[in-house]
Each structure stands twice: as C-alpha cells, then as structure tokens.
Amino acid sequence: MNSRYRFSPEYYQKSLEALETALALGAYRAWRKFDPGPGYDIDERYAALPALTKKDIREHFPDGFVPEGKDVKKGLENGEINFVQTSGSADAVRVTNIWDQAWWDSSERSSWKLNAHTASLATGNHPEAILANARNVGFISDDADLPFEKRRLARFLYLNEKTDPSRWTPRIMDRMLHELDVFKPVILEANPSLLARLCRFAAAQRIQVFQPGLITFTYEYPSSLHLRQVRRVFGSPLASSYGTTETGYIFMQCEAGKFHQNIDACRVDIQPLKKEHGGPDVGRILVTTFDNPWYKMFRFDVGDLARIDEKQSCPCGRDTGIILSAIEGRFVNATLDVKGRLVTLRRVDDAMGTIADLDEYRLEQSAPGVYTVRMSTGRRDRERLQRDVTQKLRRIYGNAAAISIIYEDFLCPEDSGKYCLAKPLFPINIEEYLEPQR
Ligand SMILES: [Zn+2]
C-alpha cells in the first residue's frame with residue numbers, strides 16, 4: 001500500500017468496494033481488462049486503470065453509472081434525485097449529472113471537520129450568504145433587480161442575480177453590502193473574483209463591511225490578487241473549499257492553509273506529471289466517490305492539478321488522507337514556457353499577485369513563446385508596470401518570451417460564468433505531460 005499517506009482500514013475497504021462496483025457497471029466495462037485482479041494491492045489496481053473523462057460521462061449517462069437495483073426514472077419521479085448540468089468550466093464541456101441532495105449534504109458535512117472554523121460554525125442551519133455568478137448558482141435576473149426575499153432559499157441568501165459582474169452598478173454593490181449587514185451570515189461563500197470586485201468597491205467607497213465568521217472560496221481558483229483585495233475589507237478567516245458537481249467535496253483548506261482530503265466521502269489518486277513538467281509532486285486529481293447510492297464516479301478527472309505536500313504533515317494536526325500544499329489550477333489554465341515545459345496557473349498567479357495595484361489580469365498564450373497580458377489597473381506609471389510584468393513573466397517563461405500588454409477597463413468572466421486568469425489559445429493534451437500509467 002502507498003506508505004506516503006495515512007489512511008484507515010475503512011478507507012481501503014471503501015476503495016475496494018468502489019472499484020468492484022464500478023467495474024461491474026456499463027461505463028467501466030471496457031476497463032476490466034486493465035485490472036490486474038484481486039491478488040494485487042488495491043492502490044496498484046487503481047493505478048492500472050484509466051481516468052474517467054467528461055466525454056465518458058456523456059457517452060454512458062445515466063445508465064452506465066447507476067448500480068443495479070436503482071431505477072433512475074422512479075428516482076426522478078419521487079424526487080430522490082435530479083439531473084443537473086455543470087456550467088462547463090474553461091474546458092467548455094457541458095455535462096449532465098445525477099444529483100442526490102442527501103449525498104451532497106453528507107459530503108459537505110464531512111468536509112466541515114477539516115477546518116476549525118467550519119467545524120465550530122457550520123451546523124447545517126447556519127445562515128449563509130453566497131456571492132456567485134447566477135449562472136452557477138441561485139436565481140438569474142439580468143434585467144430587473146430581484147428584491148431580497150426573491151433571492152432567499154432555505155438558510156441561503158444569494159447576493160447576486162446577474163450573469164455578468166459588469167452589470168453591477170454602484171447601487172447593486174451597495175445593496176449587497178447592506179444585505180450582509182442585515183442578514184449577518186455566519187459563513188459567506190464566494191466566488192473569489194466576484195468578492196474581490198465587491199471589495200474593490202467597498203475599499204474605494206470606504207464602506208465598513210459586516211465581518212462573517214468565515215469566508216469560503218469555491219467555483220474558481222482564488223487568485224492571490226483577489227485574496228489581497230478581499231483582505232483590504234475583510235478580517236474574517238478565509239478557506240478554500242474544493243469540490244465539483246460530479247464528486248462533491250474533495251479537499252478543504254484548514255486553518256493552517258493546507259488542503260486535507262475529505263476521506264469519508266471520496267478516494268483521491270494523484271497521477272503525477274513527468275519530472276520535466278513539475279512532477280512527481282504535482283499531478284492531476286482523480287476522484288472516486290464513496291457511498292453515493294445513485295451515481296458511481298470512479299477515477300474521475302476533475303481537471304485540476306494539485307501539489308502534494310512534501311512532508312504530509314500540517315500544523316493543524318490532521319494527519320489522515322492526502323495533504324496538499326496547494327491547488328495548482330485547472331489543466332486548461334496551464335501554459336507552456338519557451339522550452340515547452342508546463343507552467344501551472346499558480347506559478348503565473350503567484351508572480352502576478354506581487355504586482356501592486358492591479359485590479360485584474362488575464363494571460364493568453366497564442367503560440368509557443370508568445371504571451372499577451374490583459375490588465376485593468378488604475379496605475380499611471382505604465383512603463384514601469386510593463387517592465388515589472390515582463391520581468392516577472394520572463395522569470396517563469398524564459399528570457400526569450402515575447403510578452404505584450406493590453407490595458408482594459410474591465411475584464412469579464414467567460415461564458416461559463418467563471419473568470420479566467422491564464423490560458424493557452426491552442427489545445428494541450430494532458431496525457432502527454434503525465435507519467436504513463438503502470
Ligand atoms: Zn491542516
């Protein structure tokens with residue numbers, strides 16, 4: 001067994017059950033020939049199997065993922081499950097999934113113990129405000145503004161009903177800040193780029209903002225630039241909660257800043273990148289869900305890269321499951337340096353995050369060695385800014401990198417509703433960057 005991580009015997013038992021259940025299903029039938037069989041160690045059996053892609057989900061949905069004895073039609077009729085569409089992040093593949101609210105809630109609850117603040121504040125009845133793109137969650141109303149009570153659902157308040165934050169007027173942002181004061185959420189769950197925009201407004205207007213017990217980030221990679229803008233306004237603890245519609249809650253950032261695996265709800269395998277591209281400590285995240293009665297996600301490629309914590313220990317004391325020192329960003333947001341080596345979003349963002357008074361940026365790579373940075377900023381010393389950005393990016397991409405800068409008043413999110421920080425404008429096939437399967 002993999003000695004690098006600490007797992008309980010139950011974890012291996014659930015891993016085995018998930019493998020056996022999956023290989024009996026239509027979606028995974030063709031994978032059986034890769035399984036070395038029950039005589040082998042469970043981790044070796046997992047490592048020998050392919051990864052599940054969104055394309056596979058589309059091909060085999062729903063019957064290929066539903067275990068024997070479950071009737072999807074009946075489940076839909078009696079309300080046990082729904083079909084939900086994912087917004088299709090940067091890779092733009094829209095996928096329909098089976099949504100089991102009870103399973104989702106239990107996956108969320110088990111993630112709460114991985115952070116001291118969620119462990120003490122989240123009860124399941126706590127008032128929670130959500131600042132997200134209405135395309136991802138909540139109620140959409142781009143033309144008319146929805147009143148407070150039309151944006152309530154159970155214990156939640158959706159602060160935003162727009163699909164594009166460029167539609168936010170000062171009046172709407174005032175309203176959001178006022179509603180935080182009135183609603184007094186224990187937890188504010190936010191898309192980081194949207195919260196950063198609200199915080200730029202609050203800071204410029206010198207508005208005192210209600211401080212929730214915790215701010216959790218979801219939906220997007222939290223840019224260090226955005227975190228700094230949020231920090232100007234909020235003193236609340238911040239934590240990233242990492243999961244997907246397909247797989248529930250996978251990792252939670254603890255109060256010490258590392259990411260702990262939600263071992264009660266899922267198995268995680270990290271398939272390393274080749275050494276020259278940042279491996280073996282950076283790799284792609286493959287998730288196998290536990291105990292979802294309706295929907296068997298097995299080695300699902302969530303599309304993100306993670307950095308495994310070298311020491312596999314954390315000042316918070318939690319020591320079971322995989323510990324990550326960072327999420328490195330989505331694979332579709334990885335670019336290439338002038339020598340063709342992979343550069344994760346986190347490396348770009350860490351560099352851009354050190355540049356003062358930048359509101360937003362987006363880096364696009366149009367060809368090998370050619371990069372364009374779009375930026376919005378109030379800074380006037382543009383020559384110095386340009387020099388600074390070029391120097392920092394050449395340190396990452398190489399001295400031969402051609403870097404041009406375009407100034408924009410405002411950068412909009414992509415059609416998915418999510419904000420893009422970096423991307424190549426040509427396809428990159430992740431398989432070529434990964435260590436081959438054994
Ligand atoms: Zn920790």
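Starting from 1, each residue takes its place in the sequence as its number. We count ligands from 1, going down the list as the structure has it; atoms in each ligand are counted the same way.
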Residues Trp294, Trp103; criterion ring-ring contact (aromatic ring centres under 6.0 Å, His included); working and verdict: CA-CA 9 Å; Trp294 286 94; Trp103 179 82; over 10 Å; no
Sub-6.0 Å ring centroid separation between Phe65 and Phe300: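 No.
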Distance criterion under 2.8 Å: protein N/O/S atoms around the Zn ion (ligand 1):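 Count of protein N, O, S atoms less than 2.8 Å from the Zn ion (ligand 1): 4.
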Charged N-O contact under 4.0 Å between Arg318 and Glu255: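 Yes, charged N to carboxylate O under 4.0 Å.
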Tyr46 six-ring centre to Arg267 NZ/CZ under 6.0 Å and within 45° of normal: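 Yes - Arg267 lies over the ring of Tyr46, closer than 6.0 Å to its centre and within 45° of its axis.
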Expected output: side-chain Arg152 to main-chain Ala154 donor-acceptor under 3.5 Å: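 Judged by distance alone, yes, a pair lies under 3.5 Å.
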Any donor-acceptor N or O pair under 3.5 Å, side chains Asp349, Tyr361: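 Indeed, the side chains of Asp349 and Tyr361 share at least one donor-acceptor pair under 3.5 Å.
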